[in-house]
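Since the structure comes first, as structure tokens, the remarks are kept for the end.
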Amino acid sequence: MSDGFGKGCHLHLIDGSAFIFRAYHALPPLTRKSDGLPVGAVAGFCNMLWKYVTDERGSDAPTHAAVIFDHSSKTFRNDIYNAYKANRPEPPEDLRPQFPLTRDATRAFNIACIETQGYEADDIIAALSCKARDAGGAVTIISSDKDLMQLVGDGVQMLDPIKGKPIDRDEVFEKFGVWPDRVVDVQALAGDAVDNVPGAPGIGIKTAAQLITEYGDLETLLARAGEIKQPKRRQTLIDHAEQIRISKRLVELDCNTPLDFTLDSLEVKAPDAAQLLGFLSEMEFRTLTVRVAEKLGAKAPPVVSAPVRDAPAVPDLPPIDRAAYETITDGAGLDRWIQMIRDAGQMAIDTETTGLDEMQADLAGICLAVAPGRACYIPVGHVAGGDDLFGQSAPVAGQLPLADVLAALKPLLEDPAILKIGQNLKYDWKMLARHGIHMAPLADTMLMSYALNAGTHNHGMDELAERYLGHKCIAIKELIGSGKSQINFAQVPIDKAAPYAAEDADVTLRLFQHFAPLLPVERVTTVYETTECPIVPVLAEMEMAGIRIDAEVLRRMSGAFAQKMAALEDEIYALAGQKFTIGSPKQLGEILFDKMGMTGGKTGKTGAFSTSADVLEDLAAEGHDLPARILDWRQISKLKSTYTDALPTFVNPDTGRVHTSYSIAGAQTGRLASTDPNLQNIPVRTEEGRRIREAFIAAEGHRLVSLDYSQIELRILAHVADIPALKQAFREGIDIHAMTASQMFGVPVEGMDPMIRRRAKAINFGVIYGISSFGLSRNLRIPRAEAQDFIDTYFQRFPEIRAYMDRTIADAKSDGSVRTLFGRRINTPGINQSGPAAGGARRAAINAPIQGAAADIIRRAMIRMPAAIAHLPARMLLQVHDELVFEVREDAVDDLITVARAVMENAAEPAVKLSVPLVVDAGTGMNWAEAH
DNA sequence: ACGCTCACG
DNA sequence: GACGTACGTGAGCGTA
């Protein structure tokens, strides 16, 4: 062949079997809708291949590629050692039929698909690597299997497909303690429980590496085993020499595995659109089919029936056609649309504005849609491109006046018989509220997706459109650019803006039609109707109210902090013996650990030293001064940059107040999140930090009132896990942590050692988070075994908690989701993973119903609050997860506390009758520090 | 853009 | 038998 494999070529070898198992464990057990064929692993496999194929690699792109599979479980290694891989469990029932399908998938992607009877994939990969390397080419093995690491080096590298991280000689050395050419020796000694490679009993990787390093290689070691000093180790090696040699043959990969094809035949070919799409649609992978079709510029074949959860069959809709949208520039056109909306009884609406801060942005236009494909754009604020000499831009001619448009739409927008459909309607609600329009009733596609899909994916419109409509929206960047040259939406020419804007309304309407029927099917209608939608106007009003800030106080604090930091910096440089960037963990780590030789481990990921407060506190406790000063500096620096410096920049010049924005669908559990600025993490735990709250002040003649739920998550735990001891303690109003300590350690509550109570408190919190002995030991700085003892005692004393945890995990596994008391669903797609990720998914699943129920309760309180306090000169300003902050005229403080407390304490009812009381603590003052 | 660190519940 | 671990967030900084 003229262009045969050789120098300059790059061969990619994909470990297909590993892909399959990873896909199987990462995904819920999907089945093909039409016949129930299990296809979850195939789906994951295809997604991974597609991601691999579309990955941009530039000059590193492969010229040749193959996916290699294990042919069967019996290989030549079983002739060497018949127990080889004997304790491997059989593959799960529903995975087996998927093996041949993954081969079909590989061929459909037009990638060479290789397997050989009697050999493992690893052997074929080894043979191909050797052959390609000898021909002068480069090889990348896409796998993280440690058994393949012996092949690394000399033009052969590995690539971890999950982390996307190359594995080179250094990584291999880190793992095995020897270079790749001696890896088999170490493996032969250490053995492998998973593959049932015996090795030498009692010798692990560490010892093996040490021995090999000392003696050079395995044969030398075995020959000179008699010289080993440690008697036990010496005897082991002598007694098991044969077993070790067999082990080596088991782990050693053979470059001479027969291959019945040439390297040239592995040349990379573009996928054949028809073949690939045919396969994907036959598997009924709707989303992927659409995505692939789009990328290949082909028409997606119809997918007859779609996978269940992800994408139910979409009714026949006209395709999205941006040319079909109208631009409304005259009164007659507007009237016609108003009539259409009245006839339809619903409208999708989206406002286009000059910025993202809805407190300050101006309206550029409004888009409406009444049916899929029927959408319009009403420009009202577009201006000519460039600014004139005075920084003013001239309005573009031919637009309807803003006031006229709003006057015409107001009756519709406030008509209780017309449903307003939007994506993130809080934004549009606030824009319109500034013009005196109070939209109702509302339907929000973002919140529908949140009710259905929390935990599965995010809920931005572009993502939803791609996922559920198979449509890629115009990116806003294409219109307004990005970075320094970014313009605002009003400066976009109307003919460019209209298709983008109208498309948003069209897409929103289509998403609404997609989601609306799913809410009852998935039993999330109640959550959506009672805790998602009604919170929109409540939050909008809170955000518009804002909170008053004393910027002068903050500025003074900044000045004081700056002085303190300067002094600390001098001290730090002196202690370190040099100047450096204190804020750089990298430089700090080098100084502490390399230069000054303090002891502290590296972290896994980047290999950098950890300099977190945890580590520095330990060092400080050992008597080092530098880490202690660094901790001081960090604390001040944080307070200054994040709070005292930043907060004044958020003061709105028109209102003189700070207006945060709450994201309703941001957190997976139902909690809100606060941004721009985040007012949910204002310091409180240290005295110095707490003083920042003094700058949050009430308006003239007013007070701030803070009401917060006491121990709400533990109370919920007591209720849902049905723990009699805990419930009774809450009913009797006794100190819950002291009670726990008393039960665990058998000491009386009276006169308890605070240390013991602290431990019980840590365990109580640990339970909510899905406790582990490791976490508890770190938190309490006690040995792991001791932490484990505490946990054992705790579970013994409160067995209901263990039962609750097991139940929750089982639910998550069988349903793919967990629910709160109020029916909120949080999906748990990672729960069936294996490996380290599984632990995290399990803890998240345990925590979600508890944190989520607390979030539901305070949401319910917030929704009822405006009506409950309407008769009082008071308004709700902030929410901090279990706390509500109000601004009240000073003569109405007591009334407000009485009313608001009642609303909060009864918020679970009537939906849920809790078996423990909810208790709300109140505080009041001129500022937030006093009130909290 | 990403990781580290740290503020909150 | 090892893995890496408390749950949920957002912001500022340094580094790439």
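Keep in mind that this is a model prediction, so the values were computed, not measured. These values consider heavy atoms only, across backbone and side chains, with no hydrogens, waters or symmetry-generated copies. Per chain, numbering begins at 1; letters A, B, ... match sequence-line order.
- Within 4.0 Å of A/Ile846, counting heavy atoms only, lies no atom of the nucleic acid at all.
- Ring-plane geometry between A/His737 and A/Phe765 is classed as tilted, the angle between the planes lying from 30 to 60 degrees on a 0 to 90 degree scale.
- The aromatic rings of A/Phe696 and A/Trp928 lie perpendicular to each other, with more than 60° between the two planes, well past the 30° mark.
- Side-chain N or O atoms of A/Arg859 include one that pairs as donor or acceptor with a backbone N or O of A/Gly670 at under 3.5 Å.
- Among the heavy atoms of the strands lying under 4.0 Å from A/Tyr643 are primed sugar atoms or P, OP1, OP2 only; no base atom is included.
- For A/Ser641, the side-chain atoms get nearest to C/dG12 when compared with the rest of C/dA11, C/dA6, C/dG12.
- Distance, A/Phe580 CZ to C/dC13 P: 17 Å, rounded to whole Å.
- Here the P atom of nucleotide B/dC4 and the NZ atom of A/Lys638 are 15 Å apart, to the nearest Å.
- When the side-chain nitrogen and oxygen atoms of A/Ser584 are compared with OP1 and OP2 of C/dT15, one or more of them lie within a distance under 4.0 Å.
- Counting distance only, with no hydrogens placed and no angle test, the side-chain atoms of A/Arg685 and the base atoms of B/dG9 include a donor-acceptor pair under 3.5 Å.
- Residue contacts for A/Asp708: at a heavy-atom cut-off of 4.0 Å it reaches no nucleic acid atom on any strand shown.
- With ring centers used as reference points, A/Phe798 lies under 6.0 Å from A/Tyr794.
- At whole-Å resolution of the value, CD1 in A/Ile664 and C1' in C/dG8 are 18 Å apart.
- Straight-line distance from the CZ atom of A/Arg634 to the P atom of B/dC6: 4 Å, rounded to whole Å.
- Side-chain atoms of A/Asn847 lie closest to C/dC7 of the nucleotides C/dC7, C/dA6, B/dA7.
- If you take atom P in B/dT5 and the same atom in C/dA6, they sit 13 Å apart, rounded to whole Å.
- As a whole-Å value, the separation of A/Glu883 CD from B/dG9 P is 8 Å.
- Side-chain nitrogen and oxygen atoms of A/Arg843 include none within less than 4.0 Å of the OP1 or OP2 phosphate oxygen of C/dA6.
- Among the protein residues, A/Ala854 comes within range of no part of the nucleic acid, since none of its heavy atoms lies under 4.0 Å from any strand.
- In this structure, A/Ile771 reaches the bases: a heavy-atom distance under 4.0 Å links it to at least one base atom across the strands shown.
- One interatomic measurement links the two molecules: OH of A/Tyr662 to P of B/dC8, which rounds to 16 Å at whole-angstrom precision.
- Across all strands shown, C/dA16 forms no Watson-Crick or G-U wobble pair with both key distances under 3.5 Å.
- In A/Lys146, the NZ atom is crowded: over 12 heavy atoms of neighbouring residues, nucleotides or ligands sit closer than 6.0 Å.
- Straight-line distance between the C1' atoms of C/dG4 and B/dA7: roughly 25 Å, to the nearest whole Å.
- Protein atom CG of A/Leu588 is 10 Å distant from nucleotide atom P of B/dC6, rounded to whole Å.
- In this structure, CZ of A/Phe774 is placed 13 Å from C1' of C/dA2, rounded to the nearest angstrom.
- Among the heavy atoms of the strands lying under 4.0 Å from A/Thr611 are primed sugar atoms or P, OP1, OP2 only; no base atom is included.
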